[in-house]
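Everything below concerns the one structure shown next.
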Protein chains: 2
Amino acid sequence: MNSQSIENYLKVIFNQAIATDEVNTTGIAQALEVSLPSVNSMVKKLAGMGLLEYQKYKPLKITEKGRQMAARIIRKHRLTEMYLVEKMGFGWEEVHDIAEQLEHVQSAAFFDRMDELLGYPQRDPHGSPIPNKNGQIATQEYQSLADCRPGEQVELKALSHTSDEFLKYLNSKDLKLGIKVEILEVEAFDRNMKVAYGGHQEVLSALVCSKLLVS
Amino acid sequence: MNSQSIENYLKVIFNQAIATDEVNTTGIAQALEVSLPSVNSMVKKLAGMGLLEYQKYKPLKITEKGRQMAARIIRKHRLTEMYLVEKMGFGWEEVHDIAEQLEHVQSAAFFDRMDELLGYPQRDPHGSPIPNKNGQIATQEYQSLADCRPGEQVELKALSHTSDEFLKYLNSKDLKLGIKVEILEVEAFDRNMKVAYGGHQEVLSALVCSKLLVS
DNA sequence: TTAAATAGTTAGCATAGACTAACAAATTTA
DNA sequence: TAAATTTGTTAGTCTATGCTAACTATTTAA
């Protein structure tokens with residue numbers, strides 16, 4: 001089986017490929033907190049396994065095989081997060097680190113059972129799509145709250161950033177997925193937004209708005 | 001943190017210490033399916049960490065510190081097995097391999113939550129005691145069915161062997177923990193036992209009886 | 001009680017995955 | 001466009017954990 005190291009690289013590469021399409025060595029090194037030479041040698045190894053296309057000094061490309069393998073790991077991660085929240089009562093800000101470890105468990109039955117007990121969920125607690133067993137993944141067609149105009153009424157569907165601090169911030173503002181948000185005003189100067197939801201008003205910074213995905 | 005390797009060695013050493021009190025290198029090597037020199041060097045390392053007492057050519061002794069650390073790992077393993085059976089619907093013959101992986105997860109909250117959801121169980125699905133958070137573990141005071149005499153009526157409490165094959169055999173005979181068994185006859189020649197339980201009779205081999213713990 | 005068998009040890013080596021130092025290519029900017 | 005900066009690469013090293021071959025100590029059995 002593939003080592004946890006390999007799985008971690010693959011996951012990071014997959015995520016960067018989605019975010020920017022171009023994957024570069026430095027980005028991987030930063031995401032994994034590892035040196036550039038470490039990335040370089042692992043990248044060559046992954047290329048040798050047919051998971052990446054690698055040419056010296058060129059941006060990396062993930063192959064279909066690599067993409068599928070990464071999606072299966074991400075499936076395990078996201079199913080686990082959903083399970084921890086829905087069946088074990090954890091908060092959405094607590095589950096990342098645990099899922100990060102459970103995603104490496106080798107047992108199809110374990111994750112299939114989670115999936116079944118959860119009723120085959122489409123999305124994880126942060127709104128990210130859960131790939132299916134074949135590594136197919138729904139594309140996220142939400143827009144950022146930051147791109148909405150005053151008067152619009154939208155529903156919070158997902159987050160494009162899921163750090164603990166951000167999730168705790170959202171908790172403190174009672175912002176949860178599914179909530180209906182009305183945009184009242186946009187400050188021209190700094191793009192702060194005054195919004196209304198759950199019977200009260202808040203001012204959200206442009207930074208926060210950019211990470212809230214709505215439709 | 002300790003590596004998975006270290007944790008696996010410690011667990012095996014702990015189990016052997018319970019079973020035989022004397023721990024020897026060869027036993028560890030067989031249990032972990034690694035070479036003798038690998039065990040030798042790891043044993044020195046564990047001794048250096050204060051988890052074992054090691055003297056050349058002498059039997060190994062686990063220290064209190066090592067014992068506690070091992071018990072905490074076994075706690076995670078057994079809680080996981082219980083959780084998989086009770087909350088996820090797995091059979092007792094399916095859970096070992098999954099628990100073997102989950103036991104290495106570093107997250108007190110994760111296992112504490114399992115414990116809580118299970119209602120703080122004392123024993124795992126095979127009747128083995130679950131150590132508490134401080135590494136204290138109840139001693140098993142059951143006797144083997146093989147030591148019982150005709151006419152006795154006992155309850156199946158635990159197993160002293162838990163291989164998949166044995167568990168599947170028990171499934172096929174409808175033998176579960178908690179079942180009441182009456183000893184009808186013991187064959188002097190081979191110590192086979194004729195027993196009655198759940199409204200029918202069975203003949204159990206001496207080998208099987210020796211692995212069934214009752215009281 | 002000595003020879004054979006078993007158990008434990010040492011030395012030396014392999015692989016995975018990380019690192020630093022030094023260098024080369026590509027890109028940005030003055 | 002040439003210099004400076006950033007990005008990527010290579011070479012060589014380190015640690016963890018495994019291995020085999022060769023040797024030594026201990027235990028068992030003839």
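On a predicted model such as this, the values are computed, not experimentally measured, just so you know. Below, chain A is the first sequence line, B the second, and so on; all start at residue 1.
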Checklist entry - Going by number, which of residues 40-60 of chain A have a non-hydrogen atom under 4.0 Å from DNA chain C? => result A:M42, A:K45, A:Y57

Return the polar atom pairs (N/O with N/O) between nucleotides 1-5 of chain D and the protein under 3.5 Å, or none.
none

Checklist entry - Checking all strands, does A:T25 fall into the base, sugar-phosphate, or nothing category for heavy-atom contacts under 4.0 angstrom? => result sugar-phosphate

Next on the checklist: Nearest whole Å is fine: how far is D:dT17 C1' from B:I28 CD1?
Outcome noted: 15 Å

Checklist entry - For B:N24 and D:dT27, what is the distance between atoms CG and C1' respectively, to the nearest whole Å? => result 13 Å

Checklist entry - Is B:V39 touching bases, backbone alone, or none of the nucleic acid, heavy atoms closer than 4.0 Å? => result nothing

Checklist outcome for this item: Heavy-atom nearest pair, A:L204 first then A:L145, reads CD1-CD2, 4.1 Å

Checklist entry - Which is true for B:T26 with a 4.0 Å heavy-atom rule: it touches a base, it touches only sugar-phosphate, or it touches nothing? => result sugar-phosphate

Checklist entry - Hey, which of B:E81, B:R75, B:M82 is the one that makes side chain to side chain contact (heavy atoms under 4.5 Å, CB included) with B:L79? => result B:R75

Next on the checklist: Quick check for you: among D:dA11, D:dG18, C:dG8, whose closest atom lies nearest to any side-chain atom of B:V34?
Outcome noted: D:dG18

Item to check | B:N132 versus B:Q136, side-chain donor and acceptor atoms under 3.5 Å | outcome: yes

Item to check | Between C1' of D:dG8 and CD of A:Q30, the distance in whole Å | outcome: 13 Å

Checklist entry - Have A:W92 and A:D124 got a donor and an acceptor in their side chains that come within less than 3.5 Å? => result no

Checklist entry - Do you know which two heavy atoms are closest between A:A99 and A:L84, and how far apart they sit? => result N-CD1, 4.3 Å

Next on the checklist: Does A:E187, at its CD atom, have more than 12 non-hydrogen atoms belonging to other residues, nucleotides or ligands within less than 6.0 Å?
Outcome noted: yes

Next on the checklist: Expressed as a whole number of angstroms, how long is the span from A:E22:CD to C:dT27:C1'?
Outcome noted: 14 Å

Next on the checklist: From CG of A:L36 over to P of C:dG17, roughly how many Å is that when rounded to an integer?
Outcome noted: 18 Å

Checklist entry - CZ/A:F14 to CD1/A:I137 distance, rounded to the nearest 0.5 angstrom? => result 4.5 Å

Next on the checklist: Between B:S38 and D:dC19, is there a contact of a side-chain N or O with OP1 or OP2 at under 4.0 Å?
Outcome noted: yes

Next on the checklist: I'd like to check the salt bridge (Lys or Arg N to Asp or Glu O under 4.0 Å) partners of B:E202; sequence neighbours left out, ordered by chain and number.
Outcome noted: B:K173

Next on the checklist: Mind checking if B:S35 touches a base, just sugar-phosphate, or nothing, with heavy atoms under 4.0 Å?
Outcome noted: base

Checklist entry - Taking the six-membered ring for Trp, is the centroid-to-centroid distance between A:H77 and A:H96 below 6.0 Å? => result yes

Next on the checklist: Just the rounded figure in Å: distance from C1' of D:dG18 to CD of B:Q4.
Outcome noted: 15 Å

Next on the checklist: Counting only side-chain nitrogens and oxygens, does B:S5 get under 4.0 Å of the OP1 or OP2 atom of D:dG18?
Outcome noted: yes

